[in-house]
Amino acid sequence: MFKRLASCVREYKKPTLLTLLFIVGEAIAETCIPFLTADLVNRMKAGAELRDILSTGGILILLACLSLSFGGIAGVTCARASSGFAKNLRSDMLARINAYSFENVDKFSSASLVTRMTTDVSNVQMAFMMIIRTAIRCPLMFIFSIVMAYIMGGALATTFVIVVPVLLFGLFLISRRAMPAFHRVFRKYDRLNESIEENVRAMRVVKGFSREEYEKKKFAGAADDIRRDFTRAESIVALNSPLMYLCLYFNMIFILSVGSRLAITGSEIDVGQMSAMLTYGMQILMSLMMLSFIYVMLTMSAESIQRIGEVLTEEPVIKNPDSPVRTVKDGSVDFSGVSFKYSSEAKKYALEDLTLHIAPGMTVGILGGTGSGKTSLVQLIPRLYDVTAGSVSVGGVDVRRYDLDTLRGAVAMVLQKNLLFSGTIRENLRWGNPDATDAELEKACRLAQADEFIRSFPDRYDTKIEQGGTNVSGGQKQRLCIARALLRRPKVLILDDSTSAVDTRTDSLIRAGFSSYLPETTKIIIAQRVSSVMDADLILILENGRIAASGRHEELLASSPIYREIYEQQKTGGGDDENA
């Protein structure tokens, strides 16, 4: 997994290496300053001339400037490298998610995927930044300072034999206690984001049922759960500071008391060495403290790395075959002994032993109750799912032999829950055909009965669509999505209850447009209204994943009690005319 993450550095290898190089330079410059300062103090005490003092002072200023410059440049290159690493990591994750089949997406909740691409990537980005900067600088500062302390202080440096093990042991205990709480936090972020996502998507439902207070309490509970774990973890980690200061002050007292006695007795320790030892002691202890924070951060990031790894290593269930077919001959569709269930663990089949032939250019209507398998059937045609048994063919070729882009380019689906993207109406329509001319856009919209309401907007086709299409009605959204599908001129057009929000007259006009604009396209219409499918060449009645009856309108009226009952109920009830 670490190799996979390292590959995300890619074009940012240069700033990464430069960061490491400048960090080494900064560490060397910082550890040289106390050494020269000690030498300067001793020479001043011995009565050195002003010229010598100024020359040594100049070197100290130069080293300070170098340390500052190296640190500043390292900060810039580190920020560039870590930001670029995070950008590549998010891009790789999105590319992987886009390659998923529906079965893969079902494995992860959308809230979990959002958390992994935001919070988890931010944690890994922070860890990467610490690794190439702080995690290199601190060990170098620790090693250089220990070496210089023994060179300068001799026996006085034995203080670190006492202080360093105590600090390391304390930091280890603190980190070990804090880690379980940090592990729990990231698993709970998914629930928090899921609550946010539900509230944003279902805002109208929440307000319609006056459930704002309930949702607030639910969100507050999830947020408070995270707060408790973070508070517990941070309370433990906060012990780092008093432990560090305890060791620091012990070190200062030891150096000042023992060093002063040695200096007074005329030993090899002098005032300069004592000041250097104090500085090196600070550098050593600060390095250890920073290493403890790095350890905590890396341990936190380990959970995020695992979660990101699950996304990057998840293999798409549906893949392109070897030597795929890249041409769809026509819009014929054949189901041969098809059985299908959504997961291998599922006990019930969504479709069972289904055989069906649809000739090119036919219009097929599908009726059935909720859970009868209507949507499951049409999702097998563009290979959004693979059959559990049997085969589905388009243009005489098993869909599993096609290149996925070729197959899905030849099959256009308009769903009941239509989705529009942020941007203009024109930009949304060109999802169907990026090269469509303005004239083609307008023609498709006229056929989909969308042109009239588009022209009622001040900006017409340049009208901005808000995220999710919240500034247009349900019927308008459906008609725009139908126009988008028409622009593709597919071999197979699937309408999954996609005219439910328009009145029967508009529905009839849209279907008439299909016949004139796409005469050779196979049209499969899932509907709740008999009026939407009564003119179809073939009508299927699905029940419990099986074809209960099939035929034309007149045939089914005579032979199918289910169809006759639906027709009579809707005829008596006056239809479902609702203007949108």
Side-chain angles (χ1 to χ4, degrees), residues 2-3 5-38 59-89 121-152 160 164 167-168 171 175 237 240-241 244 247-248 276-302 304-305:
F2 288 99
K3 184 178 180 181
L5 290 177
S7 68
C8 294
V9 177
R10 293 200 285 274
E11 68 270 29
Y12 297 95
K13 289 179 181 176
K14 183 178 178 181
T16 301
L17 294 174
L18 285 175
T19 300
L20 300 176
L21 180 64
F22 285 117
I23 286 297
V24 172
E26 182 189 18
I28 293 173
E30 280 199 32
T31 51
C32 287
I33 289 174
F35 180 82
L36 291 176
T37 302
I59 295 173
L60 285 171
I61 293 173
L62 177 61
L63 285 173
C65 290
L66 283 174
S67 176
L68 180 64
S69 300
F70 287 156
I73 296 172
V76 173
T77 55
C78 179
R80 188 174 299 159
S82 60
S83 299
F85 166 78
K87 180 204 74 172
N88 288 341
L89 181 56
V121 171
S122 295
N123 288 336
V124 175
Q125 177 185 354
M126 184 66 69
F128 178 77
M129 184 167 58
M130 283 189 158
I131 288 171
I132 65 174
R133 187 174 185 183
T134 312
I136 298 297
R137 184 182 186 278
C138 290
L140 288 176
M141 289 294 297
F142 178 78
I143 294 169
F144 291 164
S145 297
I146 285 283
V147 171
M148 296 301 292
Y150 273 95
I151 292 173
M152 295 293 295
F160 301 118
V164 171
L167 184 59
L168 284 175
L171 294 176
S175 300
V237 172
N240 274 354
S241 186
M244 187 268 181
C247 294
L248 176 62
M277 286 296 294
L278 290 171
T279 305
Y280 285 131
M282 176 69 78
Q283 290 178 347
I284 290 168
L285 296 176
M286 288 299 295
S287 296
L288 289 175
M289 186 175 179
M290 288 304 299
L291 283 173
S292 74
F293 281 120
I294 293 169
Y295 174 72
V296 171
M297 186 65 207
L298 291 179
T299 308
M300 290 170 58
S301 300
S304 294
I305 289 171

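When reading the values below, keep in mind they use all heavy atoms of this one structure, side chains included, and skip hydrogens, waters and symmetry mates.
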Measure the [atom1]-[atom2] distance between [X] and [Y] for me, rounded to the nearest 0.5 Å.
X   : Y    : atom1 : atom2 : result
I23 : L140 : CD1   : CG    : 8.5 Å
T16 : E11  : OG1   : CD    : 10.0 Å
N88 : S83  : CG    : OG    : 11.0 Å
L66 : F22  : CG    : CZ    : 11.0 Å
F85 : I132 : CZ    : CD1   : 9.5 Å

Please list every donor-acceptor pair under 3.5 Å in which a side-chain atom of residues 69-78 meets a protein atom from a residue at least two apart or in another chain.
{"unit_1": "S69", "atom_1": "OG", "unit_2": "C65", "atom_2": "O", "d": "2.8"}
{"unit_1": "T77", "atom_1": "OG1", "unit_2": "T19", "atom_2": "OG1", "d": "2.7"}
{"unit_1": "T77", "atom_1": "OG1", "unit_2": "I73", "atom_2": "O", "d": "3.1"}
{"unit_1": "T77", "atom_1": "OG1", "unit_2": "A74", "atom_2": "O", "d": "3.1"}

(request) Verify salt bridge (charged side-chain N to carboxylate O under 4.0 Å, His left out) between E26 and R133, making sure each step is shown before the conclusion. (result) CA-CA 11 Å; E26 182 189 18; R133 187 174 185 183; 5.0 Å; no
